[in-house]
2 protein chains.
Amino acid sequence: MYEPITIKDIAKALGLSTSTVSRALRGSHEISADTKKLVVEYAEQFNYRPNPIALSLKERRSRSIGVVVCEIANNYFSQAINGIESVAYNRGYHVIISQSHESYEREIVNVEHLASRSVDGLLVSLSAETDKIDHFKNLHDKGFPIVFFDRITDEIETHKVVADNYQGAYNATQHLIDAGYRKIAHLSSAAHLSISIERMNGYKAALADNKISFNESYIKNCNHGGMIYKELEDAVRSLINSKDKPTAIFSAGDKLTVSCLLALNKFKVKVPDDIALVGFSNSPLVELMNPSLTVVKQPAFEMGQKAIELLINLIESKRPVTEFEKVVLQTEIFERNSSIPKAKPKK
Amino acid sequence: MYEPITIKDIAKALGLSTSTVSRALRGSHEISADTKKLVVEYAEQFNYRPNPIALSLKERRSRSIGVVVCEIANNYFSQAINGIESVAYNRGYHVIISQSHESYEREIVNVEHLASRSVDGLLVSLSAETDKIDHFKNLHDKGFPIVFFDRITDEIETHKVVADNYQGAYNATQHLIDAGYRKIAHLSSAAHLSISIERMNGYKAALADNKISFNESYIKNCNHGGMIYKELEDAVRSLINSKDKPTAIFSAGDKLTVSCLLALNKFKVKVPDDIALVGFSNSPLVELMNPSLTVVKQPAFEMGQKAIELLINLIESKRPVTEFEKVVLQTEIFERNSSIPKAKPKK
DNA sequence: TTTTTTTACGCAATCGTTGCCGACAACGAT
DNA sequence: ATCGTTGTCGGCAACGATTGCGTAAAAAAA
């Protein structure tokens, strides 16, 4: 079987003690040049690699961090993970990814699994189902390093990284208004999520600034964040069948935006002629869609980078950190065909 | 700071030895019911969790497996990873994902990093740049468990999981031929990859079976698997500018297919009127594209599941395994608008 | 009562590595 | 010749958990 060489093997082969070998390998000044050379060459020849598990046990840290997201098959998260990885790699950390699939139960299980000493810290974006956060609070109270990104919570004081969801939603809504749409529905994920609240506020503010009254029946929430297609389809159906049918939809999530277009196609609703569509999305493919989608894009890669930087700072900090940072990065809107200016009505 | 409770703490608090505590926790018959109850209740109260790192060191295994893929922001791989995760989770394994970004160097670094005793086995899909596989061979020769999936190699004898790329490519090509296209170009990833070879063979076989002569100039390879857009764009440009311009393109990869459509749009080539397009893709979004894409879809989730099952079997096998399995799963073709039957020419 | 068996627990080694302390030789200074 | 210093290196313990072996006390058998 696969039995890698250890420091003991080297010590035995060379007639030295393990401590001498260890020091020689780490270049300690207490070891003579001759011995060092001997040890280093032997180690190289037999391809010695220090056992990271033994090191973890000794140093009481694993040099790995856990990422808890709802889904990696989501452009926003896979881009964020790329950002996370790029920094983690350079700073000598492993990244362990776990998916909640928007389930509260699975999030708890994953967090427990990761936190029980196999990672040094956690990078978290809450699942859509999660409305209680005791599983994070307990860890955080014990001093376990956690950084939230994207879907954050106010109940825990720690570093946080988010996009400017308010402004992004405001811009999207304003863009629709500028294009001549006034009956704008809002399709969102679970209502309690931070991103949902902020985007909703941006949407409302844009309406208010344009003296458009807010219509409660235009708001549709999908509590499973679009994971369950039927939920989304029902929401879209009720919108297009409502008495005062909206002329545009602003959707607040990657999966929601795309699924919404799917549902509209299915219902033979023409976009943007019958209903315009603008949504949050990080997919590079929306440009190729029929019609090409106007989207608000989050700086996912940068958010991931910033989040893990903050986390590693927490982990490597000598004394307990009490001052926390909230990083807010700007979104960008890409205007395409799904929201081209509305033809003047009733001529 | 965060200092979790250990078996020693329990022993000290209860005036027992660590061995007694350990045995009590694992329900050994050598421990009296009273002592067991005492220990278990104390452990529960203080939320004791065994230190997985100490266990790893003792048992010489980490109960985690490494996944080496080119990119997780790719529908095929994120779906495959979901399959991997679903099985790993149930069998008590962690999954550590690393991305090569199609780079040979990074693949080597990642593999070394993972294999130096932080994972019990490896699930590998080769990067597009990889043409030497010594880094895997060395490990495999030492008895380190590896299972290849998707992009495999013939040079290492172990379990493998692939889609029926030959048949998938054959079907795609035949589909184009049935729709009236005969000048079919083939856009592929690096030529040496197993998937490229198999798909090329399927493509050639379909041409031959329909008595269409093979045209070398219709073959374009992107050695970076579509990671570098310009490479792909150059390939598409040279196809549409060639003397005997093809009327259809069969592309052999997720990123290639989508980028190809992007390039064709950019060059104002109408799909499918000017050039039809069929490609391998696992994106759920191709249905929404303009035009909706005809694709060959791989059973990614199932491939991931099967691959990790085989890997765990290897890891947990008592004696060295010498009989290896090659699992081949069928692809499925979804016919859409990018390959609708060609209008009769020259009327 | 004596011997044997059973019960219930502790001791110490182990996994691979590092930190601390002590040992011992060679050396120059006194 | 003695002392202190410096340069090299080994021994031991520790990180947290498991486990084979040993053994005291209690229970059962003689």
Side-chain angles (χ1 to χ4, degrees), chain A residues 1-40 42-43 46-64 92 113 115-120, chain B residues 1-40 42-44 46-64 92 113 115-120 142:
Chain A
M1 282 303 274
Y2 181 62
E3 281 306 328
I5 187 175
T6 73
I7 228 168
K8 271 190 198 171
D9 301 328
I10 302 182
K12 200 174 295 172
L14 262 37
L16 294 168
S17 77
T18 57
S19 21
T20 304
V21 175
S22 172
R23 274 185 288 251
L25 256 16
R26 330 191 89 241
S28 162
H29 63 276
E30 322 189 32
I31 306 295
S32 70
D34 289 352
T35 311
K36 260 187 207 168
K37 186 156 171 269
L38 192 70
V39 172
V40 169
Y42 189 93
F46 288 90
N47 197 33
Y48 167 78
R49 292 277 175 280
N51 184 328
I53 293 172
L55 281 177
S56 291
L57 183 59
K58 190 122 221 338
E59 294 176 8
R60 300 152 148 278
R61 57 194 306 227
S62 61
R63 295 202 75 85
S64 65
H113 197 185
S116 67
R117 275 167 301 191
S118 62
V119 298
D120 298 337
Chain B
M1 281 303 275
Y2 181 62
E3 281 305 331
I5 188 174
T6 74
I7 225 167
K8 272 189 196 168
D9 301 328
I10 302 182
K12 200 175 295 171
L14 265 36
L16 295 168
S17 76
T18 59
S19 25
T20 304
V21 174
S22 170
R23 273 187 275 253
L25 255 16
R26 329 192 89 241
S28 163
H29 64 276
E30 298 190 51
I31 305 298
S32 70
D34 289 353
T35 311
K36 261 186 208 169
K37 186 158 169 269
L38 193 70
V39 171
V40 169
Y42 189 94
E44 201 139 311
F46 288 89
N47 197 34
Y48 168 78
R49 292 276 176 278
N51 184 328
I53 293 172
L55 283 177
S56 290
L57 183 58
K58 184 112 205 7
E59 295 176 8
R60 302 155 143 279
R61 56 193 307 230
S62 61
R63 294 201 75 86
S64 66
H113 196 185
S116 68
R117 277 168 299 193
S118 64
V119 298
D120 298 337
K142 285 191 220 158

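Every chain is numbered from 1 and lettered A, B, ... according to where its sequence line falls, protein lines coming before strand lines.
The shortest heavy-atom contact between B:Ala24 and B:Val40 is O-CG2, 4.3 Å. The two residues B:Ala11 and B:Thr18 have their closest heavy-atom pair at CB-N, 3.9 Å. Taking both residues in full, the closest heavy atoms of A:Leu25 and A:Ala43 are given as CD1-CB, 4.0 Å, listed atom of the first, atom of the second, then distance. Of all non-hydrogen atoms in B:Ser118 and B:His113, the two that sit nearest each other are OG-O, 3.6 Å. Considering all non-hydrogen atoms of both residues, A:Tyr48 and A:Thr6 come closest at CE1-C, 3.8 Å. Across all non-hydrogen atoms, the minimal contact from A:Lys36 to A:His29 is NZ-CA, 4.4 Å.
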Interface polar pairs with nucleotides 12-15 of chain C, N/O, under 3.5 angstrom:
unit_1 : atom_1 : unit_2  : atom_2 : d
C:dT14 : O2     : B:Lys58 : NZ     : 3.4
C:dC15 : OP2    : A:Lys8  : NZ     : 3.0

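Scored by the side-chain contact (heavy atoms from CB on, under 4.5 Å) test, A:Ser62 finds A:Ser56, A:Ser64, A:Asp120, B:Ile53 as partners (sequence neighbours excluded). Partners of A:Ser19 under the side chain to side chain donor-acceptor pair (under 3.5 Å) rule, at least two apart in sequence or in another chain, are A:Ser17. Here B:Thr35 pairs with B:Leu16, B:Thr20, B:Ile31, B:Ser32, B:Val39 under the side-chain contact (heavy atoms from CB on, under 4.5 Å) rule; sequence neighbours left out.
Comparing the start and finish of the helix from C:dT1-D:dA30 to C:dT30-D:dA1, five pairs each, the helix axis swings through 70°, to the nearest 10 degrees.
Atom NZ of A:Lys12 is separated from atom CD1 of A:Ile7 by 13.5 Å, given to the nearest 0.5 angstrom. Of the inter-residue distances, the one linking B:Arg60 atom CZ with A:Asn51 atom CG reads 9.0 Å to the nearest 0.5 angstrom.
Contact annotation for B:Leu16: backbone-only contact, meaning every heavy-atom pair under 4.0 Å involves sugar-phosphate atoms and none involves a base. Nucleic acid contact for A:Arg61: none, since no nucleic acid atom lies under 4.0 Å from a heavy atom of the residue.
Distance A:Arg49 CZ to C:dT17 P: 12 Å, rounded to the nearest Å. Rounded to whole angstrom, the span from the CG atom of B:Leu14 across to the C1' atom of C:dC9 amounts to 14 Å.
Annotation: proximity of residues 28-38 of chain B to DNA chain C (heavy atom, distance under 4.0 Å) is found for B:Glu30, B:Ile31, B:Ser32, B:Thr35, numbered in ascending order.
A residue-by-residue look at B:Ser17 and A:Pro50 shows that B:Ser17 has its nearest nucleotide of DNA chain C further toward the 5' end.
Note on B:Thr20: every side-chain N or O is 4.0 Å or more away from OP1 and OP2 of C:dC9. Remark: B:Arg26 is in phosphate contact with D:dT18, judged by side-chain N or O atoms under 4.0 Å from OP1 or OP2.
Taking 3.5 Å as the limit, the base of C:dG19 and the side chain of A:Arg23 contain no donor-acceptor pair of atoms between them.
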